[in-house]
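Written below as structure tokens is the structure these notes are about.
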Amino acid sequence: MSTVDYTRELSVLEGKPPLRELDDLISKPLETKPNRKFFIALSITLSMTALLVIGLGLTFYYGIGMWGNNIPVGWAWDITNFVFWIGIGHAGTLISAILFLFRQKWRTGIARFAEGMTIFAVMTAGLFPLIHVGRPWLAGYLFPYPSQNSIWVNFTSPLLWDVFAVSTYLTVSLIFWYVGLIPDLATLREKTTNKIKKIIYSVTSLGWRFSNRHWQHYEMVYLILAGFATPLVLSVHTIVSFDFAVSVIPGWHSTIFPPYFVAGAVFSGFAMVQNVLIIVRKIFNYEHIITVDTLEKMNKVMLLTGSMVGYAYAMEFFIAWYGGVEAERFTFLNRALGPYAWAYWIMVTCNVVSPQLFWIKKIRRSIKTMFVIAIFVNIGMWFERFVIIVSSLSRDFLPSSWHHYTPTYVDGMILIGSFGFFFTWILLFAKALPVVSMAEVKAVVEGSQPSHKDH
Amino acid sequence: MNNKILYSYTGIFDSPDDITHAAKEAVKQGYTKFDVNTPYPLHGMNKAMNLSPSKLGYIALIFGLSAALGTLLSLWWVSAIDYPIVIGGKPLFSFPAYVPVMFEVTVLTASIATVLAMLFIFFKLPNNAHPLHGTDYMKKVSSDKYGISIQADDPKFNEEKIIEFLQSVNAKEINTLYWNNEEINHENKILDPKFLAFLILVAVVTSGVTYFSLNKLMFMVPFNWMDEQPKQSAQQKSIFFVDGFGMRQPVAGTIARGYIPYQFKGQPDLAGEKLVNPIPVSKESLQIGQTKYDTYCSPCHGYHAESDSRLHGQFPNPPSLHSDKVRNWNDGRIFAVITEGQNIMPSYSTQLTVDERWAVINYLRVLQRALNAKESDLK
């Protein structure tokens, strides 16, 4: 570890703020009473969440028939939303684990927030398979346990792999996040003057003492967790893509799916992280912690993954033609020219064309334009999942069973509500916990590490 | 002050270079029970404090490997031993399909085990009763200062020498830390009324919620397993049909799938002329015939068709099937009797399928031949 050159210039922080000022700045939202703007934002997200609750209530009471799903379109917005949200989560793990392994220092300013987003996105995503089964209170049957029915789940099914992948992902992300929070909670414990807060922070920080005998193990565990989380994050979206690729539906049965899905997940996740961070840095005055340099690097990742996604779209078409399977050829022509062509072209415009603007440095560094492009990317990535799922299912092998899918108002309520659910958690998180890791940011401030001039 | 127990001497430093230097010097002086507290991990401190590399990697390795192996074994047991079921024509033990689950369980187990081992075994946390807690020293090192704390239980502990040492490495503030007597003498009060009241509350709430969910909630819509459905059940009144009956007659002329009407109703002699036994005499057909004969025919006709009824006269005995009349009947004529019945013998068409009736006839021929064997049968 000590072979890395820590003296080189870093773009994590602008200037060289005193460490105590960093503490004050990062913990300020926690120590001040929430203002009017916060309550307005919270009331909006809570109203959206109320739509989710009503939509789910209607679904549970009257049944899945409240949705637009109908055979052969058994998967529609529910699974679209699931894949979309789980993809959003992937950026957090990529930033916290993969960039950590690559020693990318610029990740420190945004890692905590991105990890938080991972957890909330996976929580939101987890709702959808549950409600999709129709009776979510029986979801315990998904886990293999020796029951009186004396039967077991099907271990060869990708849907079962999904249960393991998503629950493992949520658990490991939570652990990773909490381990990162411990030193910060201890800092807050020492900082606070409020009695109740002191008790909460004492309990949650477990009595962390900033001992270097502990830091040594702590860093090792962080490395191990990053080492586990990296293949884990790749496996999660790979397994999500298996839900499609292992079936025989034209347009799904494709070996390009795992890398294509992972790239798409990182793409949409970075777009969402970037959008939310731009708002956070503005509201909390973190402009010199979450710098334009950091955002520019995120835009570069989006440019890369966006191009990979564009390549995958092109390759799918090529293979459909080159493979010579009639049904595949029809599926892809139908995607581009059929009843859902509008969705397909929204997807191509948002995902392939718009990120290409990031080749221009001015656009890459302009807050306003990058914000708009990232919103486009989010829209495009939602439509990508919609196109894959609905256009393939509505036109399967048997023309007699073709069916045009139209969403209902309950579908709409659940989609809007899922955003409300996600952003409610984000708002509460931003007010309750330090959204930037104090310990990690301090460690990369200029002059915060021994200079090795030696004595 | 005298009744307080000394924990350590502490020194505060302003720069990472100074604390690294101090840690190196402390090791040189031979101190072993000392600690360096910094707001973030300092690179090179492991070396300066002469710490051996963390062994947590082994925990991850051991738990990870055991989880991988354990998962593989349990998947094998579940799919190939306990509940073997062929899915998609794959072998019962299909290793490639187990890789995703094995991987996820490995990562989950190893991550949880490593973190728990670090927090609870390596760090002995949670511990909020350490002498360093609630001190000015901790306030400083948690934010922007770097501190060293040399403990009183160090074998080389000597107050004057330690102060001298801390001064020699340019420590800014040199302080003493004491054990907190309250914390040392603290006892957990399990029988505290407040705690007992809390336990009772938890018990009441838990049992109440469990009772409600299992006995009430599971019988409410929509949790009641679709007990109430707006569909027509048998014997129910219908509001759709004019006559009000929920159960309907089949459309006139409906016949069951595979049903072939019997053409010789009331014409047994014609049946004897026209019908030909389609079932060849074979070991299998004779065995089926025997089973069916023994089940349906033998109670009256006897196991050997001698009319030795097992019904003890409660039902009139039929005539022997070894009579010349029956022996000379064609198979079709017997088929007509089984299908339609004769005298007080009822029809057996619902008990025996067409093929089974022919098989029974084949078996009956065997029984007849056994009592009236020909010379040629002896050869």
Side-chain angles (χ1 to χ4, degrees), chain A residues 1-2 6 18-20 23 60-61 63 135 137 144 150-152 154-156 160-161 164-165 168 171-172 175 179 183 186-187 190-191 202-203 206-221 224-225 228 231-232 235 239 242 439-440 442-443 448-453 455, chain B residues 16-17 20-21 23-24 35-47 49 51 53-54 56-57 60 75 78-79 82-83 87-88 90 94 97-98 100-101 103-105 107-108 110-112 114-115 118-119 122-123 125-130 132-133 138-139 141-144 221-223:
Chain A
M1 269 194 214
S2 52
Y6 290 101
L19 300 182
R20 195 170 282 272
D23 280 352
F60 296 157
Y61 195 85
R135 289 179 185 65
W137 51 93
S150 68
I151 57 169
W152 295 91
N154 176 9
F155 287 105
T156 56
L160 192 270
W161 304 344
F164 276 85
T168 301
T171 317
V172 172
I175 292 173
V179 167
T187 303
E190 297 302 325
K191 211 169 171 296
S202 298
V203 170
L206 303 171
W208 175 259
R209 298 193 293 274
F210 299 95
S211 155
N212 266 274
R213 291 182 192 273
H214 289 178
W215 278 124
Q216 177 214 13
H217 297 301
Y218 180 91
E219 286 201 295
M220 172 58 85
V221 164
I224 291 171
L225 283 182
F228 278 132
L232 177 64
S235 85
I239 289 173
F242 282 165
E440 278 190 32
K442 281 181 205 163
S448 68
Q449 294 295 348
S451 56
H452 294 294
K453 59 190 171 206
H455 305 269
Chain B
D17 284 332
T20 314
H21 173 66
K24 274 183 192 161
D35 206 347
V36 173
N37 302 81
T38 55
Y40 51 87
L42 280 181
H43 295 283
M45 187 53 86
N46 303 347
K47 228 170 150 189
M49 285 173 74
L51 300 175
S54 173
L56 273 159
L75 292 191
V78 161
S79 339
D82 189 48
Y83 194 71
I87 296 161
K90 294 180 196 109
S94 40
Y98 300 157
V101 173
F103 172 77
E104 302 298 336
V105 177
V107 166
L108 185 67
S111 307
I112 292 177
T114 315
V115 169
M118 172 184 83
L119 292 176
F122 281 63
F123 294 175
L125 295 179
N127 175 10
N128 273 303
H130 195 272
L132 286 180
H133 286 307
M138 184 47 76
K139 273 203 166 47
V141 299
S142 72
S143 180
D144 58 350
V221 181
F223 304 103

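Here the structure is a predicted model, which is why all the values come from computation and not from measurement.
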So what's closer than 4.5 Å to chain A heavy atoms on L132(B): side chain, backbone, both or neither? side chain
In terms of relative ring orientation, are Y218(A) and W208(A) parallel, tilted or perpendicular, with 30° and 60° separating the classes? tilted
With a 4.5 angstrom heavy-atom cut-off, could you sort out which part of I87(B) is near chain A: side chain, backbone, both or neither? side chain
With only heavy atoms counted, which part of S94(B) is less than 4.5 Å from chain A, the side chain, the backbone, both or neither? side chain
Residue selection (most heavy-atom pairs with chain A, distance under 4.5 Å) from L75(B), V78(B), L125(B): V78(B)
Taking every non-hydrogen pair under 4.5 Å, which of A439(A), A165(A), G63(A) racks up the most with chain B? A165(A)
Residue among A97(B), P41(B), P222(B), S111(B) with most heavy-atom pairs under 4.5 Å to chain A: P41(B)
Taking salt bridge (charged side-chain N to carboxylate O under 4.0 Å, His left out) as the criterion, tell me which of R20(A), K442(A), K191(A) meets it with D144(B). R20(A)
F103(B), part contacting chain A, at a heavy-atom distance under 4.5 Å: side chain
Do R213(A) and F122(B) have side chains that approach each other closer than 4.5 Å (heavy atoms only, starting at C-beta)? no
Determine the option with the most heavy-atom pairs under 4.5 angstrom with chain B, choosing from L160(A), N212(A), V221(A). N212(A)
Short side-chain to backbone donor-acceptor contact, T187(A) and S142(B), under 3.5 Å: yes
Below 4.5 Å from any heavy atom of chain B, which atoms of S448(A) appear? Answer side chain, backbone, both or neither. both
With a 4.5 angstrom heavy-atom cut-off, which part of A110(B) approaches chain A: side chain, backbone, both or neither? both
Identify, with sequence neighbours excluded, every residue that meets side-chain hydrogen bond (donor to acceptor under 3.5 Å, both in side chains) alongside S211(A). D35(B)
Parallel, tilted or perpendicular: which one describes the rings of F223(B) and W137(A), with boundaries at 30° and 60°? perpendicular
Which bit of P231(A) comes within less than 4.5 Å of chain B, counting heavy atoms only: side chain, backbone, both or neither? both
Go through the structure and list residues passing salt bridge (Lys or Arg N to Asp or Glu O under 4.0 Å) with R135(A), not counting sequence neighbours. none
Pairs of heavy atoms under 4.5 Å with chain B: top-ranked of S235(A), A186(A), P183(A), S150(A): S235(A)
L225(A) versus chain B, the contacting section by heavy-atom distance below 4.5 Å: side chain
Non-hydrogen atoms of chain B under 4.5 Å away: do they reach the side chain of L232(A), the backbone, both or neither? both
Please work out which of the three classes, parallel, tilted or perpendicular, describes the rings of F164(A) and F155(A), given edges at 30° and 60°. tilted
Going from CD on Q216(A) to NE2 on H214(A), what distance comes out if it is rounded to the nearest 0.5 angstrom? 10.0 Å
Honestly, the part of N127(B) sitting under 4.5 Å from a heavy atom of chain A is both
Tell me, side chain or backbone of M118(B) under 4.5 Å from chain A's heavy atoms, or both, or neither? side chain
Is it the case that the side chain of H133(B) and the backbone of G207(A) share a donor-acceptor pair, with hydrogens and angles ignored and the cut-off at 3.5 Å? yes
Out of L42(B), N46(B), L51(B), which one racks up the most heavy-atom pairs below 4.5 Å with chain A? L51(B)
Do I112(B) and T171(A) pass the side-chain contact (heavy atoms from CB on, under 4.5 Å) test, and can you show the C-alpha distance, the side-chain angles, and the key distance before you say yes or no? CA-CA 9 Å; I112(B) 292 177; T171(A) 317; 4.2 Å; yes
Per-residue contact mode, L119(B) against chain A (heavy atom under 4.5 angstrom): side chain
